[in-house]
Amino acid sequence: MNKITIGILGLQGAFHKHQQLLERLSVGTAIIRYPEQIKQCDGLIIPGGESTTMTKLIRQMELFEPIKNFDKPIFGTCAGAILLSVDANDSQIDTFGKIPVSTRRNAYGRQVESFKENICIKGFESDFPAVFIRAPKFTDIDSSVEILSSLNGEPILLQYKNILLSSFHPELTSDTRIHELWLKNMSV
Ligand code: GLN
């Protein structure tokens, strides 16, 4: 792959794990904390964490508009997926509305109800170990959004144009296939 830089929003949450995984794939990364950094990125990851806290920090750091206007590939995991949706059904959260789905936070229950499950993903030859931590559920999914994986009838991995959303945390496993799938969107 040509030299690319993937920005990882590093205000809060599981951003280092994404960085470690991309480093294993020899992909350049930048931890994003300031608006002017966004322009240098070929893609952007919005990690898991706490979407209410991230909303506050995004506003504080004046990152809302630059992220909303970013038109290159984006990958949102868990809280990141919540932020990228159209509606998080929560007045404390400002969503970017980048993908025509809504989200329901903490829809699988509390921290103690977090779980790991081997899931089947469209196009993958074997199961993927998915870690769910206070995961959201996706609702009101527009027909233009491709569902790449579901668990017990609930969509958990979505693709829309160059945007990928997972309700789980692929960065917490040693399996790099979901990140590699998303990196295929890079046109550089
Ligand atoms: N429950 C968190 C939220 O609503 C998301 C949890 C996570 O990212 N693991 O923001």
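Start at 1 and go down the list; that is how both ligands and their atoms are numbered.
- Residues that satisfy the side-chain hydrogen bond (donor to acceptor under 3.5 Å, both in side chains) test with Thr176, not counting sequence neighbours, are Glu180.
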Using a 3.5 Å cut-off on N/O to N/O, what pairs does ligand 1 make with the protein? A line per pair would be great.
from: ligand 1; atom 1: 1 (N); to: Asn106; atom 2: OD1; distance (Å): 2.5
from: ligand 1; atom 1: 1 (N); to: Arg134; atom 2: O; distance (Å): 3.0
from: ligand 1; atom 1: 1 (N); to: Arg134; atom 2: NH1; distance (Å): 3.4
from: ligand 1; atom 1: 4 (O); to: Ser51; atom 2: OG; distance (Å): 3.3
from: ligand 1; atom 1: 4 (O); to: Arg105; atom 2: NE; distance (Å): 2.6
from: ligand 1; atom 1: 4 (O); to: Arg105; atom 2: NH2; distance (Å): 2.9
from: ligand 1; atom 1: 8 (O); to: Gly49; atom 2: N; distance (Å): 2.9
from: ligand 1; atom 1: 8 (O); to: Gly49; atom 2: O; distance (Å): 3.1
from: ligand 1; atom 1: 8 (O); to: Ala79; atom 2: N; distance (Å): 3.1
from: ligand 1; atom 1: 9 (N); to: Ile133; atom 2: O; distance (Å): 2.9
from: ligand 1; atom 1: 9 (N); to: His169; atom 2: NE2; distance (Å): 2.7
from: ligand 1; atom 1: 10 (O); to: Ser51; atom 2: N; distance (Å): 2.6
from: ligand 1; atom 1: 10 (O); to: Ser51; atom 2: OG; distance (Å): 2.6

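- Residues meeting the ring-ring contact (aromatic ring centres under 6.0 Å, His included) test with Phe138, sequence neighbours left out: none.
- Pairs passing the ring pair (Phe, Tyr, Trp, His ring centres under 6.0 Å) check and including a residue from residues 77-97, sequence neighbours excluded, read Phe64-Phe96.
- Residue Ile74 holds its CD1 atom at 7.0 Å from CG of Asn162, rounded to the nearest 0.5 Å.
- Ring geometry for Phe132 versus Tyr108: interplanar angle of 30 to 60°, hence tilted.
- Here the shortest heavy-atom pairing between Lys137 and Ala107 reads CG-CB, 3.4 Å.
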